[in-house]
A.B. asks: 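Once you've had a glance at the structure underneath, I'll fire off some questions.
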Amino acid sequence: MVMSGEKAGGGNGNGSVAGAVERDREQADPAAPPRVSLRERKKQLTYRAISDAAIAMFLERGFDKVSVAEVAAAADISKPTLFRYFPAKEDLALHRFADHEDEAARVVGGRGPGESPLDALRRHFLAGLDRRDPVTGLSDAPQVLAFHRLLYGTPSLVARLYAYQGRSEAALARALGGGVAARLAAGQVIAVLRILAEENWRRIDAGESAGTVYAGAVQAAEEAFVQLRRGLEPEGRG
């Protein structure tokens, strides 16, 4: 899944297209994280400033050709300070996916009376498609395309992304009540969201516009949630 986010070519701040999408999402989406204290907000801005500097350099020169020391110098901080914010180099690029780690869990926790967890997740994903949220893979904004190409073209970033998705799965399992059944359900949901986003991104990377892909993306999402609801075996089979 393309998360977060998150989320590309300069992040969700400083006027980027991905940033505008993310700000709109936070304003319109009840599943967005709650307001934070001024201290925490300043800390988040520091994270984003460092990540912005890193992503700009990664996009210009390639992830493997930029050192952590260079990122620290560009952000005007020391290398030890950078590592206090980002434990690994990959986190500099994937930091904003952390914004989405508990998104599915928040959707389930904030669903309306009488709404099932699966219906809430379906509604949320379809709304994301309608907004062209980069997390759904349905965004052809140049900055988002550049970031996704960096991400999927760098094996170490792809590997690190799976750790973020694992935490998404764990958070959703807790929201679903915990236990083996909840973990199984959460694993299936997160996998479906990831595959849907990757398929949307694959088509856009092949040259289709977000507008052209939209109808097919909605149909695929609807079919995926039907499959989740029914399970893997067709009805009537023993």
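Here the structure is a predicted model, which means the values were calculated and not measured. Count residues from 1 along the sequence.
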A.B. asks: Could you see if Phe83 belongs to whatever hydrophobic cluster contains Ile55? Use Ile, Leu, Val, Met, Phe, Trp, Tyr and a side-chain cutoff under 4.5 Å.
C.D. replies: yes

A.B. asks: May I ask you to check whether Gln165 and Ser168 show a side-chain donor-acceptor distance below 3.5 Å?
C.D. replies: no

A.B. asks: Should Val218 and Asp130 count as side-chain neighbours, where that means a heavy-atom distance under 4.5 Å?
C.D. replies: no

A.B. asks: Side chains of Glu199 and Arg203: closer than 4.5 Å at any heavy-atom pair?
C.D. replies: yes

A.B. asks: Do Phe58 and Phe147 have their ring centres less than 6.0 Å from each other?
C.D. replies: no

A.B. asks: Does Arg123 form a salt bridge (Lys or Arg N to Asp or Glu O under 4.0 Å) with Glu115? I'd like the steps, not just the answer.
C.D. replies: CA-CA 10 Å; Arg123 170 181 51 78; Glu115 187 176 34; 2.9 Å; yes

A.B. asks: What are the two closest non-hydrogen atoms of Ala53 and Ala74, and how far apart are they?
C.D. replies: CB-CB, 4.4 Å

A.B. asks: Using side-chain hydrogen bond (donor to acceptor under 3.5 Å, both in side chains) as the criterion, list what pairs up with Glu223, not counting sequence neighbours.
C.D. replies: Gln219

A.B. asks: Are the side chains of Leu151 and Leu94 in touch, meaning some heavy atoms are under 4.5 Å apart?
C.D. replies: yes

A.B. asks: Report whether Leu172 and Tyr162 are members of the same hydrophobic cluster (ILVMFWY, side-chain heavy atoms less than 4.5 Å apart, transitive linking).
C.D. replies: yes

A.B. asks: Roughly how far, to the nearest 0.5 Å, is the CG atom of Asp102 from the CZ atom of Arg167?
C.D. replies: 11.0 Å

A.B. asks: Does His95 form a side chain to side chain contact (heavy atoms under 4.5 Å, CB included) with Tyr85? I'd like the steps, not just the answer.
C.D. replies: CA-CA 10 Å; His95 157 62; Tyr85 283 95; over 6 Å; no

A.B. asks: Report yes if the side chains of Val213 and Leu138 come closer than 4.5 Å at any heavy-atom pair, otherwise no.
C.D. replies: yes

A.B. asks: For Asp119, give me all partners under salt bridge (charged side-chain N to carboxylate O under 4.0 Å, His left out), at least two apart in sequence or on another chain.
C.D. replies: Arg229

A.B. asks: Can you name the salt bridge (charged side-chain N to carboxylate O under 4.0 Å, His left out) partners of Asp64, sequence neighbours left out?
C.D. replies: none

A.B. asks: Relative to the ring of Phe125, is the ring of Phe225 parallel (under 30°), tilted (30 to 60°) or perpendicular (over 60°)?
C.D. replies: tilted

A.B. asks: If you define the side chain from C-beta out and look only at heavy atoms, does anything of Leu145 sit under 4.5 Å from Asp205?
C.D. replies: no

A.B. asks: Is there a side chain to side chain contact (heavy atoms under 4.5 Å, CB included) between Arg61 and Glu70 once you walk through the steps?
C.D. replies: CA-CA 12 Å; Arg61 294 162 50 193; Glu70 289 176 298; 3.0 Å; yes

A.B. asks: If you define the side chain from C-beta out and look only at heavy atoms, does anything of Phe63 sit under 4.5 Å from Met57?
C.D. replies: no

A.B. asks: Over all heavy atoms of both residues, which pair between Leu150 and Leu157 is shortest? Give the atoms and the distance, please.
C.D. replies: O-CD1, 4.0 Å

A.B. asks: Identify whether the distance between the nearest side-chain nitrogen and carboxylate oxygen of Arg48 and Asp52 falls below 4.0 Å.
C.D. replies: no

A.B. asks: Which distance, rounded to the nearest 0.5 Å, do you find between the OG1 of Thr154 and the CZ of Arg149?
C.D. replies: 13.5 Å

A.B. asks: Ion pair present between Arg202 and Glu198, side-chain N to carboxylate O less than 4.0 angstrom?
C.D. replies: no

A.B. asks: State, to 0.1 Å, how close Ile190 and Ala104 come at their nearest heavy-atom pair, and which atoms those are.
C.D. replies: CD1-CB, 4.2 Å

A.B. asks: Does any non-hydrogen side-chain atom of Leu196 lie less than 4.5 Å from one of Thr136?
C.D. replies: no

A.B. asks: Salt bridge (charged side-chain N to carboxylate O under 4.0 Å, His left out) with Arg160: which residues, sequence neighbours excluded?
C.D. replies: Asp91

A.B. asks: With hydrophobic residues grouped by side-chain heavy-atom distances under 4.5 Å, do Ile50 and Leu45 end up in a single group?
C.D. replies: no

A.B. asks: At what distance, to the nearest 0.5 angstrom, does OG1 of Thr212 lie from CG of Asp140?
C.D. replies: 8.5 Å

A.B. asks: Taking side chain as C-beta onward, heavy atoms only, is Leu176 less than 4.5 Å from Pro117?
C.D. replies: yes

A.B. asks: Hey, what do you get for CG (Leu193) to CD (Glu169), rounding to the nearest 0.5 Å?
C.D. replies: 11.5 Å

A.B. asks: Of all heavy-atom pairs between Leu129 and Ala221, which one has the smallest distance, and what is that distance?
C.D. replies: CD1-CB, 4.3 Å

A.B. asks: Could you list the residues that satisfy salt bridge (charged side-chain N to carboxylate O under 4.0 Å, His left out) with Arg122, not counting sequence neighbours?
C.D. replies: Glu222

A.B. asks: What is the ring orientation for Trp201 with His148, classed by angle as parallel under 30°, tilted 30 to 60°, or perpendicular over 60°?
C.D. replies: perpendicular

A.B. asks: What distance do Leu161 atom CG and Arg194 atom CZ have between them, rounded to the nearest 0.5 Å?
C.D. replies: 9.0 Å

A.B. asks: Identify the two heavy atoms, one from Pro134 and one from Ser139, that lie closest to each other, and give their separation to 0.1 Å.
C.D. replies: CA-CB, 4.0 Å

A.B. asks: What pair of heavy atoms forms the shortest contact from Ala182 to Ala173, and how long is it?
C.D. replies: CB-O, 3.5 Å

A.B. asks: Would you sort out whether Ile204 and Val144 count as a side chain to side chain contact (heavy atoms under 4.5 Å, CB included), showing the intermediate values?
C.D. replies: CA-CA 11 Å; Ile204 288 175; Val144 175; over 6 Å; no

A.B. asks: How would you list all residue pairs meeting salt bridge (Lys or Arg N to Asp or Glu O under 4.0 Å) that involve residues 75-85, not counting sequence neighbours?
C.D. replies: none

A.B. asks: May I ask whether Val108 and Leu184 are part of the same hydrophobic cluster, defined by side-chain heavy atoms of I, L, V, M, F, W, Y residues being less than 4.5 angstrom apart, directly or through others?
C.D. replies: no

A.B. asks: Has the side chain of Ser51 got a donor or acceptor atom that lies under 3.5 Å from a matching backbone atom of Leu92?
C.D. replies: yes

